[in-house]
Structures are given as structure tokens and as C-alpha cells.
Amino acid sequence: MINGISLFANVGIAETYFKENGINIVVANELLVERCRIYKHIYPSCDIICGDISENTIFNKLVELYNLNECDFLIATPPCQGMSQAGKMDPDDPRNSLIIHTIEFIKKTQPSNIIIENVPQILKFSIKINDVEKKILDYIVEELEPLGYNINYDVLNAADYNTPQNRKRAIFLISKISKWEFPEKQPEITVREAIGNLPSLESGEVSNIPRHYAKNHAKRHIVWMKYTPTGKTAFDNEIYYPQKDGRKIKGYRTTYKRMEWDKPAPTITMCNGSISSQNNVHPGYKLNDGTYSDARVLSILELLRLTGLPDDWNYPENISDNLLRKIIGEGFPPHFAASLLKTMPITN
């Protein structure tokens, strides 16, 4: 078992299956206090350091604990909102520079194996380093190759790695031992295979299955979605389309949209609790009257399954649904992350 550290850990979704793949995360860092509390609940034996890695005291504490615990592995998932197409694509967003602190941590500790995960835009995005604009990709290569690291990077899709969700991410596999190859792709898992055995629910209904209950939605949203077929957007409806004062409102065709049964789910975002956000509505079943059931967003249990988390994932039960939905929407799907470990170089 190799000891490791997780930077920008959220609540530890990525490392859900790490132990069974030979990695024991013993130190973690997260900025937000509530996330740290949840992380500690899920991983009570891990030393979670809550605070900003850009502060010297936090950075140095993490280096100290890394060395004290004889770690030799790092996973880093720095916040990506400044580079994300779902965000503002702001080159001056201070979160973009967190990759610099990641690289400085690597230079201080020099783990044998490193995973860095981020949005695909990181491969083209530039940031200012010492007042000089430089592509993040070039910066990573220029800083780490002289230290003897082999750097393998590409954009991968979680749907190819035991996850019933399309989620494209830039993945850096970095190793001092040898080139870290990407794992072979696996057959896709569909929405039907993941959640098709769960009972149908309408807005506000609660089932007898833990974590499978429906959010309450506005009546107009329910009506629009009842008349929306599987895989379609309510904007295509002839009568029951998104409207205000009788006029069709403007919106993206990925909104007010149902998922498809026989494909992996679209990317689950932080706004997965809103019918009016991207691709969030349950696929539904056609009813005898021609309308469709399940005019609602996914239940918590359905979100867990489409992310690759276990039904009994050990999160604290006293956190709000909104926070839980946001955490899941930000997460690095755990089967995706664990698949990368299967080809990790090891020393003899």
C-alpha cells in the first residue's frame, strides 16, 4: 500500500476506490470548512488540513505531513471554474493560478506518481507566471521534465471508464518511474443500466428506498416536462414549451431537457437540481395519455449511481440537499479515477 496526498480534495469523491487499488490517502487539503468536515466524516483516519494552499503556513504543513507519512503519491484536482466553459473563462480568475502551487508542491516533495485532473480547456489556457503569460501545459512540462518526470496527458471521458456519465476531463499521468499509460477503455454503461430499476417518482414524491426521493418543482416546469419526450427539450413542444406571458422564452437547447435511457448521462453539473439548467431531467416513461412520467430532476440516489458512487456512500446525513448536489456535480467520478491507478508504474 502506497501512502498519498490529495490536494483540492473536495470531500474525497475521487479517492472512493483508491484503497482497493493500492493507494492510501493519508493527508488531504481542502479550502472550505464544510467540505473538510464532510471529508473527515467519510475518511476519519485521514489528516485533512483545512485552508488555502497559497498561504505559506498551509503549504508548509502539507509538505511536512507528506514527508512525515512517507507519502509517494499525489492527486491534485485544482478548481477549474476560471477555465471552464460552464464558467466565465476568465484568464484573471485567481483560481487558475492554483496549478502553480500544485507544481511547487511537486517540486518540494517529488512523488513517484502524480495524477492532475482538470477541465479540457487547461490544455489551451494561459496564465501569468512572474508577469509572463504562458500556457499551463507548457509550464507543467517545463517545470517537471527536468526533474525526471514522464508526462502523459490527454482528454479522457469518464464514460469510457466504468462511469455512466459523459464527463470529459484533461488528465495528466506523471511518473518518475516510466511512462504512465492510459488504461484501456471499457464498454459504456447506460442510464437505463444504472438507474432503470428504481421506481418512478413525480415532483415531491418519496419512495421507500433510501436517498430516492424527488425534489419539489414549480407547476409550470412540471407541465412543460410532462409533455417532453425522453431525450428531448421542452423548447420543441408545440404547446407546452417554456414561456412567460404566453411567449416562448429564450434558452439553450440543453435546458429543460430530458436525458436519454440508452446512453451514458450528460455531464452532471453543480446545478443538477434545476430543471431549467443543463440536461438535468429524468428520461421518463411514456404514459397511456401520451405524456411522460418523472417530470423532475434526478434523486440523490440516481446522482450517486450516475457518478459511480455506492448507494450507501458514507456522507453525513445532516448536510443539505443543495450542498450535496453541488459536491456531486464538482466531483471527479471515482471509478474513472480508480481506473487510472490500474496502469500506474511501480518500482520493483
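Looking only at atom types and distance, the side chain of Asn157 has a donor-acceptor partner in the side chain of Asn166 under 3.5 Å away. A side-chain donor-acceptor contact under 3.5 Å links Asn237 and Thr228. A donor atom on one side chain and an acceptor atom on the other are not found under 3.5 Å apart for Asn150 and Lys176. Side-chain contact check for Ser320 and Asn322: no donor-acceptor pair (N or O, by modelled atom type) lies under 3.5 Å. With no hydrogens or angles considered, a side-chain donor-acceptor pair links Arg211 and Tyr315 at under 3.5 Å. In this model, a donor atom of one side chain and an acceptor atom of the other lie less than 3.5 Å apart for Tyr213 and Asp321. Between the side chains of Ser112 and Asp72, at least one donor N or O sits under 3.5 Å from an acceptor N or O.
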Side-chain donor-acceptor pairs under 3.5 Å in residues 137-149, sequence neighbours left out?
from, atom 1, to, atom 2, distance (Å)
Glu142, OE1, Lys134, NZ, 2.8
Glu143, OE1, Lys107, NZ, 2.7
Tyr149, OH, Pro111, O, 2.6

Pair up each side-chain donor or acceptor in residues 42-58 with any protein partner under 3.5 Å, not counting sequence neighbours, and list the distances.
from, atom 1, to, atom 2, distance (Å)
Tyr43, OH, Gly12, O, 2.6
Tyr43, OH, Thr16, N, 3.4
Asp52, OD1, Ser54, N, 2.9
Asp52, OD1, Ser54, OG, 2.7
Asp52, OD2, Ser54, OG, 2.9

For this session: Report the C-alpha distance between Trp261 and His282 in whole Å, list the side-chain angles of each, state the deciding distance to 0.1 Å, and finish with yes or no for ring-ring contact (aromatic ring centres under 6.0 Å, His included).
Result: CA-CA 9 Å; Trp261 276 118; His282 187 281; 5.2 Å; yes
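Other members of a hydrophobic cluster containing Ile177 are absent, since no ILVMFWY side chain comes under 4.5 Å of it, directly or through relayed contacts.
Using a 4.0 Å cut-off between charged side-chain N and carboxylate O, Lys232 and Glu260 make no salt bridge.
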